[in-house]
Each structure stands twice: as C-alpha cells, then as structure tokens.
Colleague: 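Would you mind keeping the following structure in view while I ask a few things?
In this text the structure is predicted, and so the values were computed from the model without any measurement. Heavy-atom basis, side chains included; hydrogens, waters and symmetry copies ignored.
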Amino acid sequence: MTGDDLQALALSALGDIAGAADADQLEEVRRRYLARHGGSIAEAAIELSRAQGEERAVLGQAFNAAKRTVTEALERRQAELEAAVRERELLAESLDVSHPLRPLDRGHQHPVARTVREIEDIFLRLGYAVVAGPEIEDDLHNFQLLNMPPEHPARDGHDTFYLAGEAAGWLYRTHTSPMQIRTMLAGQPPFRIIVPGKVARRDNPDPTHNPVFHQVEGLCVDEGVTVADLKGTLEHVLGQLFGKRRGVRLRASFFPYTEPSLEADVACGICLGEGCRSCLNKGWIEILGSGMVHPEVLAAVGVDPDRYSGFAFGMGPDRITALRYGIRDVRELYENDLRLLEGF
Ligand code: DAH
C-alpha cells in the first residue's frame with residue numbers, strides 16, 4: 001500500500017459518497033471505507049503499523065489525509081441528505097392558501113336576543129330610547145308605586161321570588177314595569193323609553209311559561225297622548241314583528257297601573273287560531289299587556305296627571321320568538337339544543 005493507493009481509495013470513496021441516495025446507503029459507504037474491521041482505508045492502518053522510518057511518516061500523512069477527506073465528505077453528504085428529507089417534509093406539509101375553506105361553524109345571536117334587537121330597532125325608529133334597569137327590585141318599585149299596595153289582589157298573579165338572608169326585603173322583579181317608575185322619578189316628561197330585560201315568576205313551566213323570561217317594557221308620556229296613540233303604536237310594532245297578515249287582536253283587560261287596560265293577542269302560528277297544544281287550545285296567544293298610565297301612578301311619581309297622559313306596555317319576547325318561528329314550546333328556547341338553535 002502506498003500513498004497513491006490511499007489517494008485512489010479516497011477518490012473512489014468520494015464518488016461513492018456522492019452517489020449515496022439516502023442515510024442507509026451512506027452508512028454502507030462509511031462502513032466499506034472506514035469500518036475498523038474490513039474498511040479499506042482502515043486496513044491501511046494495519047500496514048502503517050508495520051512500516052518504519054521515512055515510509056511510516058509518508059504513509060501516516062497519506063492515511064490521515066485520506067481519512068479526513070472521507071470523513072468530511074461523509075458529514076457533508078449526511079447534512080445534504082438530512083436537508084433534503086426536511087425539504088420534502090416541508091413540501092408535503094405546505095399550505096395551499098388558495099384552497100377553499102371547510103365551512104366554519106359560526107356562532108350567532110340567540111333567537112330571543114334577535115327578537116329583542118328587532119324590537120329595539122323598531123322603537124328606536126319611533127324615537128324611543130332603550131334603557132336598562134335592575135333585576136333585583138324592592139316592593140315599592142315593583143308593586144306599590146304601580147298601584148299595588150300590600151294586600152292588593154293583583155299581586156297574586158305575580159308569584160314572586162323573594163330574596164332571603166342578607167337580601168331579605170328584596171325580590172326578583174316580576175316584570176319590567178318598575179322601570180317606568182324609576183324613569184319617571186328620575187326625570188321630567190316627555191318620556192319615550194323601552195326597557196328590555198329579564199324577569200322571574202314562580203310559574204310552573206308549560207309550553208307558554210318559563211320561570212325566568214324576558215319582557216320589553218315601554219312608556220310614552222307627553223301632553224295629549226291618547227288611546228289612539230297606544231293602538232296605533234301597537235299595531236305598527238306588531239305589524240313589523242309578525243307581518244301585516246298575521247292576526248292580532250286587542251282585548252279589554254285590567255292592570256292596576258293602567259286605565260283603561262288592553263291586552264294584545266297574536267293568532268297561534270301553529271294552528272292559526274284553531275286551537276292546539278302549543279296555545280293550550282286557545283287559538284290566540286297573549287303577548288302583551290298595555291294601557292293608559294293610571295293618573296294615580298303619574299301623580300305618585302310627580303308627573304302632573306292634569307297636564308300629561310301616557311301609555312305603557314309590556315311585551316314578552318320569548319313568546320313572540322316562539323310565535324314567529326313556530327316553536328311549539330318556549331322551554332325549548334332555553335334547552336340550548338344546538339339542533340334547534342342552528343336552525344336560525
Ligand atoms: N307588567 C305586565 C305583566 O308583567 C305587563 C304590562 C301590562 C306592562 C300593562 C305595562 C302595562 O306597562 O301598561 O304582565
């Protein structure tokens with residue numbers, strides 16, 4: 001073995017290294033030339049150990065040079081092959097930004113929230129302001145100032161949740177009407193407001209009742225407001241909500257805080273007036289109470305009933321939603337069954 005032989009071996013190794021197509025083939029080349037047993041360059045070391053003097057020095061240098069050349073070439077090739085693998089992986093993972101998306105599941109407003117928004121929009125266009133009030137109320141605002149003193153029989157219709165413990169004396173408002181009182185106590189006429197909000201009553205749940213439900217209260221007080229204004233406003237609003245063709249009827253009614261009092265019913269959307277399970281066989285569903293604000297109520301909050309008059313109403317967006325969309329049971333609106341909610 002001579003220095004030239006070693007150089008030739010190294011050259012041949014470089015050729016093989018360049019030709020190795022993957023990590024396994026490269027390892028095979030490494031073994032062929034450098035393996036301690038059987039590697040052709042490594043074998044030279046055995047001869048080297050027998051050489052003497054000048055020859056030993058020359059052979060030693062040639063051996064080291066060949067081994068270094070081959071080792072470095074192996075490392076370079078290994079790095080190249082690894083880079084190629086990475087490149088291929090990246091390509092395989094690459095994103096096609098022009099690829100159409102799977103349809104995304106988007107959230108949306110709850111149908112009741114949507115009804116409330118629509119009611120707000122209708123009244124905003126009529127010049128009303130939207131205000132909010134407290135859900136926890138006291139007896140004075142929820143009842144007394146609405147002409148329902150203690151022992152008043154109309155209180156029986158409001159199965160009230162009274163708070164206990166430290167909050168004793170407070171109640172969960174049974175309607176949004178206390179905000180009429182708070183609004184009038186806090187300002188001067190004219191008033192044109194609506195009050196969307198949650199209320200609660202100890203009702204047994206049925207297809208038209210939920211213990212917690214929504215109301216939108218309305219109040220319009222000014223000089224010269226008449227029943228005709230009330231009727232016109234209600235007909236306009238219900239026409240916007242249900243379309244002009246859906247049957248709406250106004251009935252005389254009674255509320256302690258209005259005189260006269262009216263209730264509005266809408267024809268059941270399921271049976272259109274025939275009577276069915278969802279309207280409890282009535283054919284019509286009550287969605288709103290209203291009337292001319294009782295002079296005593298005005299007087300009690302410091303509004304002069306000889307100068308001002310007004311109307312008020314309270315409507316139920318849960319029932320309105322159920323009626324508009326043909327939902328048979330208002331309780332379904334709160335079960336949060338996505339199959340129902342996604343239908344909107
Ligand atoms: N507060 C009544 C209820 O909860 C609804 C109502 C009736 C509100 C007449 C009013 C009104 O403002 O004038 O059933």
Side-chain angles (χ1 to χ4, degrees), residues 112-113 115-116 119-120 123 128-189 191-205 208-221 253-259 261 263 286-303 305 310-320 330 333-334:
V112 173
T115 300
V116 172
I119 294 171
E120 290 176 7
F123 280 101
Y128 284 65
V130 179
V131 301
E135 284 168 27
I136 304 303
E137 272 290 3
D138 55 20
D139 196 273
L140 183 68
H141 294 83
N142 196 82
F143 292 120
Q144 291 173 41
L145 289 170
L146 288 160
N147 224 1
M148 285 184 277
E151 315 306 326
H152 193 288
R155 288 186 178 217
D156 296 350
H158 296 233
D159 284 321
T160 310
F161 285 112
Y162 289 98
L163 304 191
E166 277 181 52
W170 297 88
L171 51 84
Y172 200 108
R173 66 180 173 191
T174 57
H175 51 180
T176 42
S177 304
M179 267 311 279
Q180 293 182 27
I181 299 303
R182 292 189 179 278
T183 302
M184 290 192 285
L185 283 172
Q188 293 299 320
F191 300 107
R192 277 184 185 74
I193 55 144
I194 59 166
V195 190
K198 260 193 303 194
V199 305
R201 291 186 198 174
R202 301 170 48 152
D203 278 333
N204 286 328
T208 56
H209 292 91
N210 232 5
V212 176
F213 56 104
H214 295 85
Q215 285 191 338
V216 178
E217 191 77 14
L219 176 71
C220 168
V221 175
S253 182
F254 173 80
F255 301 101
Y257 34 96
T258 48
E259 179 57 38
S261 303
E263 271 178 327
E286 176 207 324
I287 50 162
L288 171 160
S290 66
M292 300 305 290
V293 182
H294 199 295
E296 303 236 351
V297 172
L298 294 177
V301 294
V303 173
F311 61 79
F313 55 85
M315 55 177 81
D318 307 82
R319 284 190 190 174
I320 292 175
V330 287
L333 289 169
Y334 295 103

Colleague: Any idea which heavy atoms bring V216 and T176 closest together, and the distance?
Modeller: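 Smallest heavy-atom distance, with atoms named: C-OG1, 4.2 Å.
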Colleague: With under 30° as parallel and over 60° as perpendicular, where do the rings of H152 and F254 fit, or are they tilted in between?
Modeller: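 Correct class here is parallel.
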Colleague: So do T258 and N147 actually touch side chain to side chain, heavy atoms under 4.5 Å?
Modeller: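 N147 vs T258: side chains apart.
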Colleague: May I have the step-by-step check of side chain to side chain contact (heavy atoms under 4.5 Å, CB included) for T174 and V199, ending in yes or no?
Modeller: CA-CA 5 Å; T174 57; V199 305; 6.0 Å; no
Colleague: How long is the straight-line distance from OH of Y257 back to NE2 of H175, given to the nearest 0.5 Å?
Modeller: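 Rounded to the nearest 0.5 Å, the NE2-OH separation comes out at 5.0 Å.
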Colleague: Do I181 and V297 have side chains that approach each other closer than 4.5 Å (heavy atoms only, starting at C-beta)?
Modeller: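 Touching, per the 4.5 Å side-chain cut-off.
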Colleague: Return the CE to OG distance between M292 and S261, rounded to the nearest 0.5 Å.
Modeller: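 Answer rounded to 0.5 Å: 11.0 Å.
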Colleague: Between K198 and V212, is the side chain to side chain contact (heavy atoms under 4.5 Å, CB included) condition met? List the steps.
Modeller: CA-CA 7 Å; K198 260 193 303 194; V212 176; 3.8 Å; yes
Colleague: With a 4.5 Å limit on heavy-atom distance, are the side chains of H158 and R201 in contact?
Modeller: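 Result yes, sub-4.5 Å side-chain heavy-atom pair found.
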Colleague: Determine whether Y128 and C220 make a side-chain contact, defined as any pair of heavy atoms from C-beta on separated by less than 4.5 Å.
Modeller: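 Y128 reaches C220 side chain to side chain.
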Colleague: Between R155 and D139, is there a side-chain N and carboxylate O pair less than 4.0 Å apart?
Modeller: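 Looking at R155 and D139, the cut-off is met.
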Colleague: Heavy-atom count around D156 CG within 6.0 Å, excluding the residue itself: above 12?
Modeller: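 Count over threshold, so yes.
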Colleague: Are I194 and V130 close enough that some pair of their side-chain heavy atoms sits under 4.5 Å apart?
Modeller: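 I194 vs V130: side chains touch.
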Colleague: Please check: side-chain N/O of D318 versus main-chain N/O of H214, any donor-acceptor pairing under 3.5 Å?
Modeller: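 Yes, D318 side chain to H214 backbone: donor-acceptor pair under 3.5 Å.
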Colleague: At what distance, to the nearest 0.5 angstrom, does CD1 of I193 lie from CD of Q180?
Modeller: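 Result: 7.0 Å between the selected atoms.
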Colleague: For the residue pair M315 and Q215, establish whether any side-chain heavy-atom pair is separated by less than 4.5 Å.
Modeller: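 Result no, sub-4.5 Å side-chain heavy-atom pair not found.
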Colleague: Any non-hydrogen side-chain atom of V221 less than 4.5 Å from a side-chain atom of M184?
Modeller: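 They are in side-chain contact.
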Colleague: What are the two closest heavy atoms between P256 and M148, and how far apart are they?
Modeller: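 Taking P256 first and M148 second, the nearest heavy atoms are CG-CG, 3.5 Å.
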Colleague: Enter the distance from S177:OG to F313:CZ here, rounded to the nearest 0.5 Å.
Modeller: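 Atom-to-atom, S177:OG and F313:CZ are 10.5 Å apart.
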Colleague: If you compare all heavy atoms of V303 against all heavy atoms of P189, which two are closest, and at what distance to 0.1 Å?
Modeller: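 Minimum heavy-atom contact is CG1-CG, 3.9 Å.
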Colleague: Can you give me the closest heavy-atom contact between V195 and G133, atom names plus distance?
Modeller: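 Result for this residue pair: CG1-N, 4.2 Å.
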Colleague: How about F255 and H294: are their ring centroids closer than 6.0 Å?
Modeller: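 Ring centroids of F255 and H294 are no less than 6.0 Å from each other.
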Colleague: Where do M179 and A132 come nearest, in terms of heavy atoms and distance?
Modeller: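 Between these two residues, the closest heavy atoms are CE-O, 3.4 Å.
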Colleague: If you measure from NE2 on H141 to CG on L185, what distance do you get to the nearest 0.5 Å?
Modeller: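 Separation between the atoms: 5.5 Å.
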Colleague: Is the side chain of D138 donor-acceptor paired with the backbone N or O of G169 at a distance under 3.5 Å, no angle test?
Modeller: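 No.
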Colleague: Taking the six-membered ring for Trp, are Y172 and F161 ring centroids under 6.0 Å apart?
Modeller: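 So the answer is no for these two rings.
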Colleague: Measuring from E217:CD to L219:CG, what's the distance to the nearest 0.5 Å?
Modeller: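 Taking CD in E217 and CG in L219, the distance rounds to 8.0 Å.
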Colleague: So, R182 and E137, do they make that salt bridge, N to O below 4.0 Å?
Modeller: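 A salt bridge links R182 with E137.
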Colleague: Evaluate the side-chain proximity of R202 to T160: yes if any heavy-atom separation is below 4.5 Å, no if none is.
Modeller: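 They are not in contact (no side-chain heavy atoms under 4.5 Å apart), so the answer is no.
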Colleague: Without swapping roles, check the side chain of R173 against the backbone of I136 for a donor-acceptor pair under 3.5 Å.
Modeller: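 No; zero donor-acceptor contacts below 3.5 Å.
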